[in-house]
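Atoms within a ligand are numbered from 1 in the order they appear, just like the ligands themselves.
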Amino acid sequence: MRVLLLGGTVDARQLADAFTAAGFEVVESVAGRTRQARGGAASRVGGFGGVDGLARYLRAARVTAVVDATHPFAAQITSNAAEACALTGIPLLRFNRPGWRTHPDASRWIWVADHGQAAVAAARMGGRVLLTVGRQSLLAYRELTDVVARVAEWQGDPVPAGWHVIESRGPFTLAGELDLLRRAQVAVLVSKNSGGAPTSAKLDAARELGLPVIMVDRPPTPDGVGEVSSTADAVAWLVDQH
Ligand SMILES: NC(=O)c1ccc[n+]([C@@H]2O[C@H](COP(=O)([O-])OP(=O)(O)OC[C@H]3O[C@@H](n4cnc5c(N)ncnc54)[C@H](OP(=O)(O)O)[C@@H]3O)[C@@H](O)[C@H]2O)c1
């Protein structure tokens with residue numbers, strides 16, 4: 001009953017506690033790219049070495065089930081987990097927190113499939129853009145010149161001339177987001193469909209100020225992989241596998 005929990009998210013921390021309480025042995029794994037990930041309670045830090053490395057690890061560590069609770073946009077590890085579990089025959093579940101498709105304003109936003117499309121849409125609109133898309137995606141927006149980029153942890157990566165970077169980690173409040181959008185004179189907000197309450201205040205603030213929102217949709221869950229969005233459903237799935 002050894003569960004590999006692919007983490008790096010607040011969701012994974014909550015799942016780890018719930019799985020342990022339900023009697024499972026949990027190995028929580030993080031990529032270790034940020035200070036927060038390195039300092040957490042995870043029991044394994046760093047990559048596995050692609051699909052083959054992960055498959056080798058699953059066999060050697062006698063893992064009986066894998067729960068992928070990585071960030072909704074961590075597409076590479078999610079794809080690797082699907083392939084490695086298919087290779088080894090180990091059951092896999094994708095935990096994805098509810099997204100913002102059901103947000104009351106979702107029909108007013110401009111939905112795009114990836115960051116490239118978001119950059120094109122933002123360029124067309126003109127005016128100052130607030131990017132809240134994560135540090136690793138900023139390069140896709142390099143043609144934009146009037147940008148404020150907010151990231152949870154800045155690691156010194158170069159940005160185009162004229163960009164202003166704000167380092168700030170949620171949770172964010174409506175008052176704080178209104179203040180930022182007004183002070184920075186933002187004309188367009190770009191967001192990923194990450195979901196979750198701690199970072200959703202920006203969407204309410206954008207509505208209050210009548211600002212357009214460009215929303216990058218999530219990469220799809222790999223074919224054949226079951227998906228849940230609640231801790232209770234994830235525990236029930238694990239119990240079913242053992
Ligand atoms: N993408 C985001 O917006 C975002 C936001 C918040 C937190 N995070 C967290 O930060 C981590 C990295 O995100 P990413 O978007 O760079 O991932 P990614 O592109 O999907 O994965 C890149 C590589 O990082 C390693 N990796 C990723 N997650 C891992 C985990 N939980 N345990 C061990 N190795 C892992 C794997 O290396 P190997 O191929 O060597 O195994 C993977 O191939 C993820 O764990 C994710 O949950 C991501």
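Using a distance-only test at 3.5 Å, with no hydrogens or angles considered, a donor-acceptor pair links the side chain of Arg44 to the main chain of Gly47. In this structure, Trp109 contributes its side chain and Arg101 its backbone to no donor-acceptor pair below 3.5 Å. Here the side chain of Lys192 pairs a donor or acceptor atom with the backbone of Val133 at under 3.5 angstrom. No donor-acceptor pair closer than 3.5 Å links the side chain of Thr78 to the backbone N or O of Ala75.
Atoms of ligand 1 lying under 4.0 Å from at least one heavy atom of Ala75, given by number and element, are 20 (O). Every atom of ligand 1 is numbered from 1 in the order shown, and the set under 4.0 Å from a heavy atom of Gly49 is 38 (P), 40 (O), 41 (O). Near Thr70, the atoms of ligand 1 lying under 4.0 angstrom from a non-hydrogen atom of the residue are 31 (N), 45 (O), 47 (O). Annotation for ligand 1: atoms under 4.0 Å from non-hydrogen atoms of Thr9 are 47 (O). Taking every non-hydrogen atom of Gln136 and a distance limit under 4.0 Å, the qualifying atoms of ligand 1 come out as 14 (P), 15 (O), 16 (O). Close contacts between ligand 1 and Asn80 involve ligand atoms 39 (O), 43 (O) [criterion: under 4.0 Å to a heavy atom].
The protein non-hydrogen atom at the shortest distance from atom 36 (C) of ligand 1 is Ile77 CD1, 3.9 Å. Atom 35 (C) of ligand 1 has Ala31 CB, 3.6 Å as its closest protein atom, hydrogens excluded (heavy atom only). The protein atom (non-hydrogen) at minimum distance from atom 9 (C) of ligand 1 is Gly8 O, 3.7 Å. Looking from atom 13 (O) of ligand 1 to the surrounding protein, the closest heavy atom is Ala74 CB, 4.1 Å. With hydrogens left out, the protein atom closest to atom 48 (C) of ligand 1 is His71 CB, 3.4 Å, a heavy atom. Looking only at protein heavy atoms, the nearest one to atom 41 (O) of ligand 1 is Phe48 N, 2.6 Å. Of all protein heavy atoms, the one lying nearest to atom 45 (O) of ligand 1 is Gly7 O, 2.8 Å. The protein heavy atom nearest to atom 23 (C) of ligand 1 is Arg33 NH2, 3.4 Å.
Contact annotation for Val30 and ligand 1: only backbone heavy atoms (N, CA, C, O) come within less than 4.0 Å of the ligand. Residue contacts with ligand 1, taken as heavy atom pairs separated by less than 4.0 Å, do not involve Ser194 at all. At a heavy-atom cutoff of 4.0 Å, ligand 1 is contacted by no atom of Thr78, backbone or side chain.
On a distance-only criterion, Lys192 and ligand 1 share at least one N/O pair closer than 3.5 Å. Below 3.5 Å of separation, one finds no N or O of Ala69 facing any N or O of ligand 1. Not a single N or O atom of Leu6, backbone or side chain, sits closer than 3.5 Å to an N or O atom of ligand 1.
For the pair Gly134 and ligand 1, no heavy-atom separation below 4.0 Å is found. Note on ligand 1: Gly53 sits outside its first shell, no heavy atom being nearer than 4.0 Å. Remark: distances from the non-hydrogen atoms of Gly46 to ligand 1 include one below 4.0 Å. Proximity of Leu54 to ligand 1 is not established, as no heavy-atom distance is less than 4.0 Å.
By heavy-atom distance, the residue among Gly50, Pro72, Ser29, Gly47 lying nearest atom 39 (O) of ligand 1 is Gly50.
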Query raised in the report: What do the steps show when you test Arg150 against Glu177 for salt bridge (Lys or Arg N to Asp or Glu O under 4.0 Å), and what is the final call?
Result: CA-CA 11 Å; Arg150 181 171 67 191; Glu177 298 294 57; 2.8 Å; yes
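Between His115 and Ser137, the closest heavy-atom pair is NE2-OG, 3.2 Å. Scanning both residues, Ser229 and Phe95, for their nearest heavy atoms gives C-CE1, 3.6 Å. Counting all heavy atoms, side chain and backbone alike, Pro222 lies closest to Ser79 at CG-CA, 4.4 Å. For Pro91 against Thr64, the heavy-atom pair with the smallest separation is CD-O, 3.4 Å. Between Trp237 and Val67 the shortest heavy-atom distance is CZ3-CG2, 4.0 Å. Contact record, Val27 with Ser43: CA-OG, 3.5 Å, taken as the closest heavy-atom pair.
In this structure, Glu153 does not pair ionically with Arg135, as no charged nitrogen and carboxylate oxygen lie closer than 4.0 Å.
With a 4.5 Å cut-off on side-chain heavy atoms, Leu58 and Phe48 do not count as touching. At least one side-chain heavy atom of Trp100 sits under 4.5 Å from a side-chain heavy atom of Leu203.
With no hydrogens or angles considered, a side-chain donor-acceptor pair links Glu227 and Thr221 at under 3.5 Å.
Note that atom 18 (P) of ligand 1 has protein non-hydrogen atoms nearby, at separations under 4.0 angstrom.
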